[in-house]
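Shown next, in structure tokens, is the structure this report addresses.
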There are 2 protein chains.
Amino acid sequence: MNQEIIKTYQLEASVFKAMAHPIRLFIIHQLQKQKHGVQELSNIVEIDISTMSRHLDVLKRHKIIDGEKINNNVFYTLKIPCVLEFMVCTNKVINQAK
Amino acid sequence: MNQEIIKTYQLEASVFKAMAHPIRLFIIHQLQKQKHGVQELSNIVEIDISTMSRHLDVLKRHKIIDGEKINNNVFYTLKIPCVLEFMVCTNKVINQAK
DNA sequence: ATAGTGTTTGTCTAATTGGCCAAATTGACA
DNA sequence: TGTCAATTTGGCCAATTAGACAAACACTAT
């Protein structure tokens with residue numbers, strides 16, 4: 001295993017990985033429009049709030065979103081709008097005629 | 001769990017997932033320049049050829065690359081050049097000053 | 001200080017993934 | 001047909017991940 005190559009692409013891969021989950025893609029899409037809180041998001045997705053908190057943490061750790069505490073609520077915002085351009089390409093991939 | 005939302009983003013997530021591995025990102029980069037064969041790639045990365053074959057299969061199944069058999073060798077080509085634009089954005093994410 | 005609300009973290013479990021080796025498959029060609 | 005080279009697939013193991021629930025934590029406001 002050539003560690004040189006692995007190392008070169010590991011960081012990049014980890015950002016892809018952070019986005020490679022349906023709920024996390026949903027979050028990114030939601031935050032494009034406006035800030036959202038943890039509870040709100042977990043209600044929409046109908047998932048345990050602790051699970052949602054973990055998904056948000058994954059995105060935050062990779063600097064894709066940012067959390068801001070206002071009173072008792074944490075509101076998340078999308079830090080990297082260019083992430084959404086990814087999707088355009090992804091959908092080209094998906095919609096390719098084989 | 002809101003199956004509606006999951007379903008909406010699952011396909012998209014699976015494309016991200018297909019790319020979310022250092023070796024597969026390396027493959028994508030290599031193929032940008034020219035076709036490559038399985039052995040060749042596995043030599044560069046210094047990984048078992050069977051493992052390389054599986055990585056190529058993942059990318060092929062998601063229509064990111066395409067394989068063409070010429071004699072006894074399978075040569076792979078990048079089908080979706082826009083995938084590389086992803087990387088530009090990804091690196092913006094990575095290089096953000098916190 | 002205490003209660004109450006909202007969020008994160010610990011722990012466990014089931015499922016998925018990446019790696020290697022060995023075996024099977026494919027296709028070219030003698 | 002049989003052999004050889006290249007590739008893929010089966011099987012196994014170790015590591016990682018997503019999910020739920022419960023417990024801990026952080027803040028606000030009585």
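Keep in mind that this is a model prediction, so the values were computed, not measured. These numbers come from the heavy atoms of this one structure, side chains and all, not from hydrogens, waters or symmetry mates. Naming convention: chains lettered A, B, ... in sequence-line order (proteins, then strands); numbering from 1 in each chain.
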Nearest-Å distance for atom pair [atom1]/[atom2], residues [X] and [N]:
X: B:M1; N: D:dC21; atom1: CE; atom2: C1'; result: 15 Å
X: A:N43; N: C:dT5; atom1: CG; atom2: P; result: 16 Å
X: A:L41; N: C:dG6; atom1: CG; atom2: P; result: 15 Å
X: B:N2; N: D:dA18; atom1: CG; atom2: C1'; result: 17 Å
X: A:I65; N: C:dT7; atom1: CD1; atom2: P; result: 13 Å

Please table the atom pairs, donor to acceptor, closer than 3.5 Å between any side-chain atom in residues 17-27 of chain B and protein atoms at least two apart or in another chain.
unit_1	atom_1	unit_2	atom_2	d
B:H21	ND1	B:I23	N	3.1
B:R24	NE	B:A18	O	2.6
B:R24	NH1	B:H55	ND1	3.0
B:R24	NH2	B:K17	O	3.4

How far apart are the C-alpha atoms of B:Q32 and B:Q30, what are their side-chain angles, what is the distance that settles it, and do they pass the side-chain contact (heavy atoms from CB on, under 4.5 Å) test?
-> CA-CA 5 Å; B:Q32 177 190 14; B:Q30 280 304 110; over 6 Å; no
Measure the CZ-CG distance between B:R54 and B:L59 for me, rounded to the nearest 0.5 Å.
-> 14.5 Å
Side-chain N or O of B:K17 closer than 4.0 Å to phosphate OP1/OP2 of C:dT16 | no
Phosphate oxygens OP1/OP2 of D:dG19: is one of them under 4.0 Å from a side-chain N or O of A:H55?
-> yes
Grab the two heavy atoms, one from A:S14 and one from A:L11, that are nearest each other, plus how far apart they are.
-> OG-O, 2.6 Å
Quick tally for nucleotides 1-12 of chain D: nucleotides whose base has a protein heavy atom under 4.0 Å get B, sugar-phosphate-only ones S, the rest -, giving ----BSSBBBB-
Ring pair (Phe, Tyr, Trp, His ring centres under 6.0 Å) pairs, two or more places apart, involving residues 57-81 of chain B | none
So [Y] and [X], do their side chains get closer than 4.5 Å, heavy atoms only?
X: A:K63; Y: A:I80; result: no
X: A:K69; Y: A:N73; result: no
X: A:E4; Y: A:K7; result: no
X: A:I5; Y: A:N2; result: yes

Among all residues two or more places apart in sequence or in another chain, which pass the ring-ring contact (aromatic ring centres under 6.0 Å, His included) test with A:H29?
-> B:Y9
From the list B:L56, B:V58, B:T77, side-chain contact (heavy atoms from CB on, under 4.5 Å) partner of B:I65 resolves to B:L56
Where along residues 19-33 of chain B does a heavy atom come under 4.0 Å from DNA chain C, residue by residue in number order?
-> B:H21, B:I23, B:R24
Proximity to DNA chain C (any heavy atom under 4.0 Å), residues of residues 4-15 of chain A only | none
